[in-house]
Amino acid sequence: MDSIKITGAREHNLKDVSLRIPRRKLVVITGISGSGKSSLAFDTLFAEGQRRYMESLSAYARQFVEQIGKPDVDSIEGLSPSISVDQKTFQRNPRSTVGTITEIYDFLRLLYARLGKPYCSNCGIEISAQSLERMTERVAGLGAGEKVSIFSPIVQGRKGEYRKELEELQREGFLKVRIDGELRDLDEEIKLNKQKKHTIELLVDVIVIRPGEVHGRINESLKLALKRSGGVAKAETASGSVLSLSDKFACPECGMSYPEISPRLFSFNSPYGSCPTCQGLGETWFCDPELLIDEELSIDDGAIIPWRNSNYFRQLTESVAEYYGIDTSVPFKKLSAKLKKTIVHGSGDEEITLSKERRGRALKYKDTYAGVAGIITEWYKETDSPPVREKLAQFMRTTECPECGGARLKKEALSILFGEKSIYDVVTMSSEACLDFFRSLSMTAREREIGDRITKEIISRLTFLTDVGLGYLTLDRSAPTLSGGEAQRIRLATQVGSKLTGITYVLDEPTIGLHRRDNGRLIETLKSLRDGGNTIIVVEHDEETIRSADFIVDIGPGAGEKGGWIVAEGNVNELISHSESLTGSYLSGRITIPVPQARRKPRGHITIEGASEHNLKYIEASFPLGVFTCVTGVSGSGKSTLVIDTLYNALGRKLYRSKDKVGKYERLSGVGEIDKVINVEQSPIGRTPRSNPATYTGIFAPIRDLYSMLPQANIRGYKPGRFSFNVREGRCSVCLGHGVVKIEMHFLPDVYVTCERCGGSRYNPETLEVKYNDKSIAEVLDMTVNEAAEFFANVPHIKSRLDVLVAVGLEYIRLGQPATTLSGGEAQRIKLSKELARRSTGRTLYILDEPTIGLHFDDVRKLLEVLDRLTDMGNSVIVIEHNLDVIKCADHVMDMGPEGGDDGGRIVARGTPEEVSAAEGSYTGLYLREVLGRRKPRRRGIN
């Protein structure tokens with residue numbers, strides 16, 4: 001079958017859609033935000049492909065995997081196994097890195113285990129095999145009279161019961177073994193859990209060292225220990241010091257021996273390779289005094305933030321203050337440095353007189369004082385309570401591990417070199433530099449024979465990473481620090497490397513976070529997947545990707561209830577010629593986003609000097625105020641580091657005494673020109689379905705107030721809280737305000753059925769009896785923003801807030817729509833509407849990071865109108881953006897680069913879009929020339 005035939009798709013807002021999508025083609029599904037693109041691509045096509053795979057499993061197997069319900073569709077024919085490469089289903093474990101996700105690190109571990117040369121971490125000289133005589137001398141040199149136990153590690157960190165092995169040792173006459181650190185007699189019954197990893201060390205001999213008498217016995221014991229374990233032995237003294245011995249690798253100078261050099265030695269997720277201090281995370285937690293103390297307040301007024309609600313710790317602090325003569329009524333900043341240190345870090349080993357109240361009596365006692373930081377740190381380490389740990393985490397910060405320096409590995413692993421580089425040196429290179437390293441690597445004939453296949457796999461995967469525009473990422477980059485677009489492209493690179501065929505890949509805006517320069521390489525990667533016999537379905541708004549598609553589906557014509565129809569389908573020429581297609585109109589140029597007739601003049605500047613966080617090269621960046629500024633540049637050039645990590649966090653520290661970590665810089669000027677700084681980010685507006693646009697924007701509060709003032713509510717004594725589905729009095733008692741009831745179905749997907757008592761309204765019958773213009777509170781929450789704006793046309797303070805939501809292009813969302821169902825772009829625009837609804841001072845700085853994510857051309861136009869409105873009120877707007885329609889409309893552009901990673905971090909060009917378009921060496925300027933033309937707009941003042 002040459003096509004995927006969809007009949008009667010009705011998921012979410014889809015209007016009984018029937019469609020044929022060609023197989024083994026690059027297909028783009030586009031349309032305005034909320035039109036139903038994801039409903040068709042993910043909730044229908046991908047969900048059905050996954051469901052069919054799950055149904056092929058046995059009933060027994062299905063109970064162990066998360067089940068997917070059947071989408072609301074009559075039939076789908078010709079659908080092959082499907083893989084979703086989206087931005088949400090991505091592991092954010094700090095132990096995951098770019099290297100582990102792409103499996104490049106697995107090949108690196110194998111390469112270093114087989115071809116790495118060990119060097120002494122103490123002396124720096126190459127380590128060679130250790131002779132039995134040399135080992136005997138080292139054990140004998142432990143000192144006369146020392147009692148030494150010789151162990152043979154026969155099992156190290158492996159699962160199993162090892163019953164036969166233990167019985168064999170007993171038959172051979174051995175008496176004791178040490179299992180997982182505990183010494184056991186072999187004649188007792190030993191049962192091991194086969195599901196757990198065990199370490200078994202055979203006790204070969206116990207020797208008391210006497211000069212000149214026992215060398216022969218030590219030699220024989222070591223020979224036996226080495227034979228039993230395959231070349232490894234341990235000599236342990238009664239005091240607990242351990243000598244690791246190996247007949248394979250040992251330093252001839254200091255005698256340091258290596259453990260077995262295997263791939264797990266280079267794994268930071270294994271106790272055999274991870275740094276013992278940070279357990280392989282590369283960073284450690286510490287209690288930061290800045291987060292503990294408000295220096296403007298006195299101790300009496302709550303200067304010690306964690307103790308504000310604790311009588312016990314307040315009493316403890318008062319007794320410490322009494323002992324040292326500290327005045328608790330003066331601001332903390334006026335105390336001497338020594339007294340501050342005592343309060344925060346404690347008394348050390350000095351015992352001081354403390355007091356505590358018991359049954360109304362003050363009891364005196366002597367003890368050391370750990371300090372606020374010491375108490376919090378100990379508490380954080382010992383507690384098993386997640387809520388307590390979360391509360392204490394606000395006073396903790398991470399810092400680079402002092403032992404491994406952020407490398408995550410033991411010093412032994414870091415001392416093994418290949419190509420004169422350690423494994424950490426390789427993973428801290430950018431993917432592009434790493435690729436160059438392996439391509440130019442010279443190996444001996446023996447090394448080529450062993451490592452040729454390994455290096456080919458590494459080069460192949462690194463090539464895929466650079467092809468999808470991620471050449472600037474280092475392999476040790478932690479998964480939680482990746483953007484949604486970066487995470488998706490990493491998964492895409494992994495899929496390309498898998499070389500599967502006959503698969504339906506469903507992607508969600510893979511061009512997110514990608515500069516126009518790198519789009520071409522990404523599109524070629526998608527085409528290579530297609531040419532491998534796969535069907536590629538991409539939800540996308542990017543013009544270049546749409547034009548490169550073999551088949552396009554345009555969904556609309558509107559959003560929400562006004563969407564869900566197939567407006568146009570076919571190739572790009574057919575889309576352009578379709579008069580009813582909004583996408584086609586923008587592609588053809590029938591509708592355009594115009595370049596402003598004039599550019600605003602700045603009323604001042606905020607300047608940050610010496611910015612050097614991450615890859616920033618001690619730059620000076622001056623941001624004009626009262627205008628709309630775009631910060632541009634290729635991916636990884638340092639845009640977010642400069643604007644978010646450095647500028648925003650530094651302003652937060654100055655204006656609000658924020659405790660967020662600030663990127664390194666030397667000087668910040670012009671702060672007095674603004675009174676507020678707001679980062680309008682794309683994080684969710686709520687983490688549970690109980691959060692919704694009405695509650696977040698504050699519209700729900702005046703609506704509930706209105707309902708509480710109605711005659712029916714007054715007669716019954718209902719207050720505004722009665723009309724909240726989060727409050728017991730007003731919500732349904734069966735579903736507890738959820739509107740649905742979950743029914744567990746064992747090996748089938750859990751079924752959510754509408755609550756029979758409230759019919760999905762979330763409220764109890766008494767609350768629903770109160771109506772305004774014949775509509776209950778539940779019916780109001782079910783309205784779209786457009787419907788609600790008409791409904792509350794005569795209630796100005798509600799209507800004005802709804803109008804703002806319409807202005808940001810969210811007229812289609814429902815007031816009670818769960819926050820968890822909103823996209824990142826929708827969440828960001830809801831936050832924007834909340835800011836627009838506030839009374840403006842005209843001195844606010846707004847920062848937005850890629851606000852066009854998930855936006856159609858027409859939605860971008862609406863967003864620009866909102867940003868213009870904010871700027872025309874006298875505020876300043878800084879946007880990090882790749883979208884050329886946004887960049888061309890800015891008053892000022894700051895282009896960073898010239899490349900990503902180490903080759904970025906500089907300001908390549910700055911000025912109006914016209915000035916940047918003429919700048920040499922600016923990739924953004926190169927593409928701006930295409931959209932600007934020759935016209936040079938004049939500057940304009942602030943309205």
Side-chain angles (χ1 to χ4, degrees), residues 32-33 559 591-604 623-631 673-682 685 693 696-699 785-786 788-789 796-813 825-881 883 885-893 912-913 937-943:
I32 67 170
S33 301
I591 304 176
T592 60
I593 296 175
V595 178
Q597 291 300 308
R599 309 284 184 195
R600 301 177 186 85
K601 292 180 180 179
R603 58 170 171 80
F623 296 91
L625 297 175
V627 300
F628 170 26
T629 300
C630 251
V631 179
E673 299 286 328
I674 62 170
D675 58 8
K676 280 193 296 185
V677 59
I678 296 168
N679 179 17
V680 188
E681 57 186 358
Q682 291 209 355
I685 61 170
Y696 183 84
T697 57
I699 295 172
V785 170
N786 248 349
H797 62 291
I798 297 176
K799 174 75 161 54
S800 61
R801 296 192 186 196
L802 291 165
D803 286 342
V804 177
L805 280 170
V806 173
V808 297
L810 293 175
E811 68 279 356
Y812 61 90
I813 64 171
E826 287 169 335
Q828 189 173 44
R829 281 179 286 160
I830 287 172
K831 292 176 184 180
L832 261 179
S833 73
K834 187 177 181 180
E835 293 304 324
L836 281 168
R838 288 176 174 163
R839 185 171 295 175
S840 173
T841 61
R843 298 178 64 213
T844 301
L845 172 60
Y846 294 96
I847 294 174
L848 297 92
D849 192 353
E850 291 196 71
T852 61
I853 289 176
L855 299 192
H856 184 265
F857 305 109
D858 204 53
D859 298 311
V860 171
R861 177 185 60 78
K862 292 176 183 177
L863 173 69
L864 285 167
E865 289 173 0
V866 172
L867 297 181
D868 267 342
R869 181 174 161 185
L870 280 172
T871 313
D872 289 341
M873 292 161 72
N875 300 301
S876 309
V877 177
I878 298 175
V879 174
I880 300 170
E881 192 53 81
N883 188 297
D885 282 327
V886 175
I887 299 168
K888 75 180 183 184
C889 293
D891 301 306
H892 183 86
V893 177
T912 63
R938 59 186 174 80
R939 285 195 173 273
R940 57 174 171 166
I942 302 171
N943 293 338

What distance separates Lys834 NZ from Leu805 CG, expressed to the nearest 0.5 Å?
12.0 Å

Could you tell me which non-hydrogen atom of Ser800 sits nearest to which non-hydrogen atom of His797, and how far apart they are?
OG-O, 3.4 Å

On a heavy-atom basis, the closest approach of Phe857 and Ile593 is O-CD1, 3.6 Å

Measure across Cys889 and Arg599 and return the closest heavy-atom pair with its distance rounded to 0.1 Å.
C-NH1, 3.6 Å

For the atom pair NZ (Lys601) and NE2 (His892), what is the distance rounded to the nearest 0.5 Å?
16.0 Å

Between the side chain of Ser33 and the main-chain N/O of Gly854, is any donor-acceptor distance below 3.5 Å?
yes

In the structure I gave you, are the side-chain heavy atoms of Ile830 and Thr697 within less than 4.5 Å of one another anywhere?
yes

So, using salt bridge (charged side-chain N to carboxylate O under 4.0 Å, His left out) as the criterion, who are the partners of Lys831 when residues are at least two apart?
none

Shortest non-hydrogen contact between Ala807 and Arg869, atoms and distance
CB-NH1, 4.1 Å

Can you name the side chain to side chain donor-acceptor pair (under 3.5 Å) partners of Lys676, sequence neighbours left out?
none

Any non-hydrogen side-chain atom of Val785 less than 4.5 Å from a side-chain atom of Tyr812?
no

Residue pair Pro624 / Thr629, side-chain heavy-atom distance below 4.5 Å
yes

So, do Pro851 and Val680 sit near enough that their side-chain heavy atoms are less than 4.5 Å apart?
no

Between Leu832 and Leu863, does a side chain to side chain contact (heavy atoms under 4.5 Å, CB included) hold up when you go through it step by step?
CA-CA 10 Å; Leu832 261 179; Leu863 173 69; 3.7 Å; yes

Do Val866 and Val804 touch side chain to side chain, with heavy atoms closer than 4.5 Å?
no

What do the steps show when you test Phe623 against Ile847 for side chain to side chain contact (heavy atoms under 4.5 Å, CB included), and what is the final call?
CA-CA 12 Å; Phe623 296 91; Ile847 294 174; over 6 Å; no

Start with the C-alpha gap between Thr844 and Asp675, add the side-chain angles, then the distance that decides, and say whether side chain to side chain contact (heavy atoms under 4.5 Å, CB included) holds.
CA-CA 6 Å; Thr844 301; Asp675 58 8; 3.9 Å; yes

Tell me every residue that passes side-chain contact (heavy atoms from CB on, under 4.5 Å) with Ser876, counting only those two or more places apart in sequence or in another chain.
Arg603, Leu625, Leu845

Candidate pair Arg861 and Leu864, rule side chain to side chain contact (heavy atoms under 4.5 Å, CB included), full reasoning
CA-CA 5 Å; Arg861 177 185 60 78; Leu864 285 167; 5.7 Å; no

Compare all side-chain heavy atoms of Leu848 with those of Leu867 and state whether any distance is below 4.5 angstrom.
yes

With rounding to the nearest 0.5 Å, note down the distance linking CG in Asp885 to OG1 in Thr852.
9.5 Å

Tell me, do Asp868 and Glu865 make a side-chain contact under 4.5 Å, heavy atoms counted?
no

Test item: Asn875 side-chain N/O and Leu870 main-chain N/O as donor-acceptor pair under 3.5 Å
yes

For the residue pair Pro913 and Ile887, what are the closest heavy atoms and their distance?
CG-O, 3.5 Å

Quick one: are Ile878 and Val631 in side-chain contact, heavy atoms under 4.5 Å?
yes

Identify the heavy atoms of Arg829 and Val808 that sit nearest to each other, and give their distance.
CD-O, 3.3 Å

Basic-acidic side-chain contact under 4.0 Å: Asp891, Arg600:
yes

